[in-house]
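Just so we're on the same page: letters track the sequence lines, and every chain starts at 1. What you are looking at is a predicted structure, and each value in this text was computed from that prediction instead of being measured.
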There are 2 protein chains.
Amino acid sequence: MSQLDTVNRILDAAEVLFAERGFTETSLRTITSTAGVNLAAVNYHFGSKKELIQAVFERFLTPFTANLDQELTRRQAQLEASPGEQLEVDDLLQSLYRVALAGLAKEGRDPKRFMGLLGLAYTQSQGHLRRFIVSRYGPSYRRFAGQLANALPQVDPVTFYWRLYFMLGATIFSLSSFDAIEAILREDFGAESSLEETLARLAPAAAAMLTAPEPKDA
Amino acid sequence: MSQLDTVNRILDAAEVLFAERGFTETSLRTITSTAGVNLAAVNYHFGSKKELIQAVFERFLTPFTANLDQELTRRQAQLEASPGEQLEVDDLLQSLYRVALAGLAKEGRDPKRFMGLLGLAYTQSQGHLRRFIVSRYGPSYRRFAGQLANALPQVDPVTFYWRLYFMLGATIFSLSSFDAIEAILREDFGAESSLEETLARLAPAAAAMLTAPEPKDA
DNA sequence: CAGCAATTAAAACGTTTGTTTAACCGCTGA
DNA sequence: TCAGCGGTTAAACAAACGTTTTAATTGCTG
């Protein structure tokens, strides 16, 4: 087994286990025995458990962010070519969802697992992981937020940013526990929902939230 | 120190620490030393760490659910008195937010901490806590969901339930990390946001998401 | 004041955790 | 051929964990 195999086997096992149980609930012994490698291999190749966690996120977020940036550039060029045309917000969101999804699927990464990890990063990262993600992928995130803000010139900036977090919450929360929610709905209605269908529901709903009329203050 | 004091001191300390760091990241030694009680007191009064976690949620959710039920009953009676009048969804949401919030504040409980714990329950509860909450507070939740569904007769049931989870995600996610988000917005815009103001933004945004027109399928 | 049950206290229990050590293997370049 | 090095392995490390045990202490009741 080459060293490349060992590193990737650890990352594969850690990715699945972290998304299922969280970071502290997943021991290095569980990871290494699942991966079929020696316990010491984690500390040898990654240095520590924290650095392994960062490596798992790096492997996910780097191609994801690359796809995002590419799509944002494409949209920006298209906008400059025909500046008068107003972009539809739900179309923007849905195409972003689709592009990010397709990019992950192309690399054999499960999008639902990606969302599960993203949820972990927001709820279970006390310090080091949040700093790592912000410093590494913050610019792409701000570019996305800026382009979305430009498509909503009528919305007050502070209101927009709160709604952006509302939207992130709706997306990450519902997709990170997609399987559980889908199981409940299947039991209650007998209707199955694919991830694609759910994104097709989420995009217009999120767009409606972003474009809602401002609350009239007293 | 009476036994009632010991129990409440443990609950107070555990509540804060759980909301800050999560369950597994908070040790019983940290809880008991913060509370100023002996380590064994947790197992003596609660039996185990799992049962302590349930007790923390019980102390939060019981009065919260009582307030929720009371408000739902009030609305139902009001609806039967004047059945023709269509309820506004954002008004329904905002009054629920306000009632639940006021009930917690009346007992000296921090609503933001409550939301933090609620977020934990959704993302970090593997099994026992989820079962405990569903069995104990499931009926109230279903009653709330049913009343909300009745106010949205034009929305397809499956679409409604997905949007309900979108709304829950937006609410729990953004309010559980309210302080962090507010700090970012204060730095970027110099504009402070109170929890009340944020709820006044959230209610119409969530209502817009729930009442959005259905996506036209091919 | 004696006695009993409830509570608190200190100490130790066995596990599990992340990490480190040291021996060993297989390849590559001199 | 063999020294050297990156990689793997088994074993052990100290620390932290939840829990249990046993003894001391408290507060109330007869």
- Item | Partners meeting salt bridge (Lys or Arg N to Asp or Glu O under 4.0 Å) with B:E182 (sequence neighbours left out) | B:R186
- Please name all residues satisfying ring pair (Phe, Tyr, Trp, His ring centres under 6.0 Å) with A:F18, sequence neighbours left out, ordered by chain then number. A:F23
- Message: Looking at B:H45, I'd like to know whether one of its side-chain N or O atoms comes within less than 4.0 Å of OP1 or OP2 on C:dA6.
- Response: no
- Item | Per-nucleotide protein contact string for nucleotides 17-22 of chain C (B base, S sugar-phosphate only, - none; heavy atom under 4.0 Å) | BBBB--
- Query: So, is A:T6 close to the D:dG7 phosphate, meaning a side-chain N or O under 4.0 Å from OP1 or OP2?
  - Reply: no
- Query: So which pairs with a foot in residues 187-207 of chain B pass ring-ring contact (aromatic ring centres under 6.0 Å, His included), sequence neighbours left out?
  - Reply: A:Y161-B:F189
- Message: Checking B:D179 now: which residues fulfil side chain to side chain contact (heavy atoms under 4.5 Å, CB included) with it, not counting sequence neighbours?
- Response: B:K112
- Message: Rounded to whole Å, please give me the gap between CD1 in B:I31 and P in D:dC17.
- Response: 11 Å
Side-chain donor-acceptor pairs under 3.5 Å in residues 132-140 of chain A, sequence neighbours left out?
{"from": "A:S135", "atom 1": "OG", "to": "A:R131", "atom 2": "O", "distance (Å)": "3.1"}
{"from": "A:S135", "atom 1": "OG", "to": "A:F132", "atom 2": "O", "distance (Å)": "3.1"}
{"from": "A:R136", "atom 1": "NH2", "to": "A:E58", "atom 2": "OE2", "distance (Å)": "2.0"}
{"from": "A:Y137", "atom 1": "OH", "to": "A:T62", "atom 2": "OG1", "distance (Å)": "2.9"}
{"from": "A:S140", "atom 1": "OG", "to": "A:D69", "atom 2": "OD1", "distance (Å)": "3.3"}
{"from": "A:S140", "atom 1": "OG", "to": "A:D69", "atom 2": "OD2", "distance (Å)": "2.7"}

- Between C:dG26 (C1') and A:D5 (CG): distance, integer Å: 16 Å
- Under the 3.5 angstrom rule, does the side chain of A:R163 hit a backbone N or O of A:A212 as a donor-acceptor pair? yes
